[in-house]
Amino acid sequence: MVPAEVPDAEAEPDGLEDRLRRFVTIWSRAIFPATATSLTRPEFEQHLLPLARSLRDALHDRIFDATPAHGVGAALVGAHCTDPDALARSLGVVDAYLVLYCGEAADPAGELAADELRARCARLQATFAAGFAQALRERTLAEQEAIARSALAARGAAEDALHATEARFRAVFEGAAIGIGIADLDGRVLEVNDTLTRMFGGLEHHVRSRNVSEWVHPDDAPQVWGMYKELIRGERDNFRTEKPFFRNDGTVLWTNLTVSLLRDVDGVPQYQLALLEDTTERRLLTLRLRYEATHDALTGLPNRTLFFERLEKALAPARETPKDAAKDGARDEANSGTKEAGPASAPRPAARFGLCYLDLDGFKAINDSLGHSAGDRMLVEVADRLQSCATAPGEMVARLGGDEFVALTTGPDTQREVGELAARILGALATPISLDGREFTVRGSIGIVEGKAGESTAAEVLRSADITMYRAKSAGGNRFEHADAEADARAITRHGLTTSLPTALERGEFFIEYQPLVHLADGTVHGAEALVRWSHPTHGVLGPDRFIPLAEHTGLIVPLGRWVLEQSVLQARAWQEELAAGTFAGPVRINVNLSPAQLHHPGLVSDTVEVLERIGLPPGSLCLEVTESALIGADEDLLKPLRQLAEMGVDIALDDFGTGYSNLANLRRLPVSVLKLDRSFTQGMQQHPADPVDLKIVEGIVSLAHGLELGVTVEGVETGAQAEHLRRLGCDTAQGWYYARPGPPEMLHTLSMADAV
């Protein structure tokens with residue numbers, strides 16, 4: 001094969017080496033495309049140059065020897081020119097260009113004839129081809145042998161690896177700390193390790209002889225066997241769950257179970273592999289910790305946490321499960337297909353609950369007198385008695401803390417059952433409890449809440465029960481009361497008012513209205529009573545009856561009373577200044593109410609003196625009103641502050657006189673200067689004719705008061721007839737809606753100016 005390129009003879013260089021390089025260039029162009037080498041073409045030419053020189057030298061040797069051409073052919077194979085096309089192209093180049101470039105020019109003496117050169121070139125080609133073929137054969141045989149040796153080595157390595165893998169698997173299988181079992185897809189147990197055998201009681205044949213389907217337990221999660229069927233059908237590769245098993249001796253083994261599907265190389269399911277971790281002790285510990293976390297350490301009763309769980313479950317609205325719905329649907333369908341369908345199934349009764357909230361009456365006194373140890377023994381005895389009262393299905397007793405207990409009952413008939421439960425509890429407590437040789441009768445107050453599930457939250461139910469329990473305690477204790485929505489609302493409102501009282505004074509929500517005190521003799525304005533009001537942002541304007549008891553209970557009555565005193569004295573001073581300027585005809589006196597808590601406050605006298613002196617109001621222009629009930633049985637320590645104020649010139653009025661049980665003779669020792677008759681004495685004077693008994697009573701009180709040099713004021717005057725009767729009986733002053741309702745201080749301007757005219 002001769003390449004198409006024929007060089008121009010006239011362009012050939014004259015140097016032997018240059019001609020040789022030209023030959024090499026032609027050779028490389030011919031075979032480089034068929035060569036699998038990483039050399040570049042110039043690098044490849046440099047590789048061919050000594051080979052071409054060897055051919056040229058052999059062509060001109062005096063004693064011809066074609067052996068070097070054998071080496072050139074082998075070297076070409078060594079240069080990765082193994083393609084048969086490379087050999088054919090090389091032979092063509094040698095045949096066409098070796099003599100041309102390396103013949104005559106290499107033999108300038110002409111010792112070799114042209115025919116001889118051609119003959120030598122032919123023999124060189126044959127030897128070249130033989131060397132190429134032999135080298136290629138040896139290379140191929142070497143590669144085949146290497147492949148065979150590699151395959152043999154790989155097979156040996158694979159066998160060794162398989163043996164090592166099996167050994168490792170067997171070591172893991174036998175020495176694993178968790179139980180391992182292998183079963184076929186039919187559930188037959190094929191192999192188990194020692195750990196699994198010990199977990200099930202130590203008898204291997206009892207485990208191997210079993211089928212997976214036999215290990216059903218009543219506490220299995222609903223989805224376990226569904227996942228298992230999906231696995232053996234090849235629809236899932238594994239699943240994990242907590243599962244109990246029965247051991248051979250009947251005890252329960254709790255495990256964390258992982259089941260995996262083993263497939264063959266084609267992905268077809270073959271076996272199932274189960275890994276079991278023994279969690280029995282951990283579960284028992286968890287249950288123990290759970291018990292301790294949900295039960296009272298002293299009494300053993302369920303505590304607040306467990307009670308709320310049960311209560312929330314009882315309050316959850318009843319939901320029909322899909323299973324029940326399917327049963328009902330099938331039954332309805334069956335009934336509709338019969339000729340004479342039976343009666344329709346009765347609707348299921350609505351779920352209800354009943355709650356008894358118990359607080360022991362006077363338990364603190366027992367704790368304080370006998371000590372907490374005795375109190376704890378009493379609580380244990382009470383808990384035992386309560387537990388004996390709630391033994392029916394759906395009933396439970398819990399201790400919320402301290403001496404507070406709850407009893408819960410559920411079912412369709414709790415409207416009746418909860419009352420019976422409360423009665424049983426009070427009956428069980430009625431028997432005296434013996435402590436340290438002494439017997440104590442335990443009493444309790446119970447608040448009952450009953451209703452349908454799904455209508456209230458647990459917090460709402462417990463709050464209502466708590467409110468109702470305190471209502472029973474306020475009614476005397478040792479009784480039970482049923483929850484009342486209106487009473488709950490009032491109690492919640494009271495609580496809201498109590499919590500907002502501390503900041504109400506700071507926010508300026510209180511204000512004062514004034515009700516005039518009128519001289520009955522001439523109808524002129526004598527003074528005014530200061531009445532505090534609360535402008536609540538939610539409930540509107542509230543009278544003192546709504547918040548004064550709360551203020552007394554929380555201790556806020558003292559700062560509130562001081563504020564009322566200061567504002568009232570400021571207003572009285574302003575009236576006096578207007579009176580001096582001739583723009584106001586009265587009143588010049590102010591009446592301010594004192595609560596029992598203020599009477600006991602050590603700063604009563606000093607605060608009153610400080611306010612009067614700072615504002616500049618004479619003590620005689622101030623009258624402090626104290627209720628009769630606050631002074632019943634008062635000792636000298638309580639009366640001393642009032643005496644000091646009276647000695648300064650401050651008037652003291654005995655308010656609501658006649659509503660208490662004080663001895664009239666005690667009036668002589670009280671530092672009072674005014675009696676304020678309660679409105680109950682004058683209600684009979686509104687009718688015509690007036691009640692003669694009321695007239696006699698009032699007449700006697702007025703006579704007594706005047707005999708003791710006390711003034712008499714009557715409150716609650718609503719008609720002119722009342723006013724006339726009281727004037728005739730000798731009463732000094734009066735107040736009531738007949739004259740004016742409580743109002744702003746400007747209202748008294750109108751009344752005073754009218755009196756002046």
- Query: Quick check: are there more than 12 heavy atoms from other residues, nucleotides or ligands sitting under 6.0 Å from CZ of F440?
  - Reply: yes
Rounded to the nearest 0.5 angstrom, the CG-CG distance for L638 and L604 is 9.5 Å
Closest non-hydrogen contact found for H536 with S500 is NE2-OG, 3.6 Å
>> Heavy-atom count check: over 12 atoms from other residues, nucleotides or ligands less than 6.0 Å from R438 CZ?
In response: no
Where do L622 and I590 land on the side chain to side chain contact (heavy atoms under 4.5 Å, CB included) test, with the steps shown first?
-> CA-CA 5 Å; L622 174 64; I590 189 71; 3.9 Å; yes
* D656 and T627 side chains, donor-acceptor separation under 3.5 Å -> no
What one should report as the nearest heavy-atom pair of A653 and C623 is CB-SG, 3.7 Å
Here the pair of heavy atoms bringing T299 nearest to L379 is CG2-O, 3.9 Å
Are side-chain N/O atoms of T733 and T713 paired as donor and acceptor at under 3.5 Å? yes
We want to know whether S445 and D361 form a side-chain donor-acceptor pair, criterion being a heavy-atom distance below 3.5 angstrom.
yes
task = For the pair H600 (side chain) and P596 (backbone), establish whether a donor and an acceptor sit closer than 3.5 Å, ignoring hydrogens and angles.
result = yes
NZ/NE/NH1/NH2 to OD/OE distance under 4.0 Å, R589 and D651:
yes
Return yes if some donor-acceptor pair links the side-chain N/O of T719 with the main-chain N/O of Q722 below 3.5 Å, else return no. yes
Side chain to side chain donor-acceptor pair (under 3.5 Å), that's the test. Do E529 and N593 meet it? Break it down for me. CA-CA 8 Å; E529 180 180 1; N593 291 281; 3.0 Å; yes
Rounded to the nearest 0.5 angstrom, the CG-CG distance for L704 and L710 is 7.5 Å
Q683 and D694 side chains, donor-acceptor separation under 3.5 Å:
no
Exercise for the section: Would you check if R385 and T431 make a side-chain contact, meaning some heavy-atom pair closer than 4.5 Å? Expected result: yes
dist S464:OG -> H482:NE2 (nearest 0.5 Å) comes out at 12.0 Å
The reported gap from CD in E715 to CG in D655 (rounded to nearest 0.5 angstrom) is 5.0 Å
Would you confirm whether R679, through its side chain, and G736, through its main-chain N or O, come within 3.5 Å as a donor-acceptor pair? no
Given the rule in the salt bridge (Lys or Arg N to Asp or Glu O under 4.0 Å) test, do E636 and K640 qualify, once you have shown the distances and angles that lead to the verdict? CA-CA 6 Å; E636 283 302 317; K640 183 178 179 180; over 6 Å; no
Here the gap from L301 atom CG to T294 atom OG1, rounded to the nearest 0.5 Å, amounts to 11.5 Å
| said: Within the 4.5 Å heavy-atom criterion, are F681 and V714 side-chain neighbours or not? | reply: no
*So does W737 have more than 12 non-hydrogen atoms from other groups sitting under 6.0 Å from CH2?*
no
**Asked** Is there a side chain to side chain contact (heavy atoms under 4.5 Å, CB included) between Y357 and I467 once you walk through the steps?
**Response** CA-CA 10 Å; Y357 193 114; I467 292 171; over 6 Å; no
Parallel, tilted or perpendicular: which one describes the rings of F547 and W534, with boundaries at 30° and 60°? perpendicular
Might you work through the salt bridge (Lys or Arg N to Asp or Glu O under 4.0 Å) test for R377 and E381, ending with a clear yes or no?
CA-CA 6 Å; R377 295 202 304 273; E381 177 63 26; over 6 Å; no
>> Would the distance check show the side chain of R352 and the main-chain N or O of T414 forming a donor-acceptor pair, the cut-off being under 3.5 Å?
In response: no
In this structure, CD of Q515 is separated from CD of Q735 (nearest 0.5 Å) by 5.0 Å
* Hey, mind stepping through C731 and V698 against side chain to side chain contact (heavy atoms under 4.5 Å, CB included) and telling me if it holds? -> CA-CA 9 Å; C731 295; V698 173; 4.1 Å; yes
Task: Salt bridge present between K313 and E309 (N-O < 4.0 angstrom) - done: no
Any side-chain to backbone donor/acceptor pair from T410 onto G394? Under 3.5 Å, distance only. yes
In terms of heavy-atom contacts, A551 and L560 come closest through CB-CD2, 4.5 Å
- Determine, for R562 against E610, whether the closest basic-nitrogen to carboxylate-oxygen distance falls under 4.0 angstrom. yes
Q) Under 6.0 Å from the NE2 atom of H539, do we count more than 12 heavy atoms belonging to anything else shown? A) yes
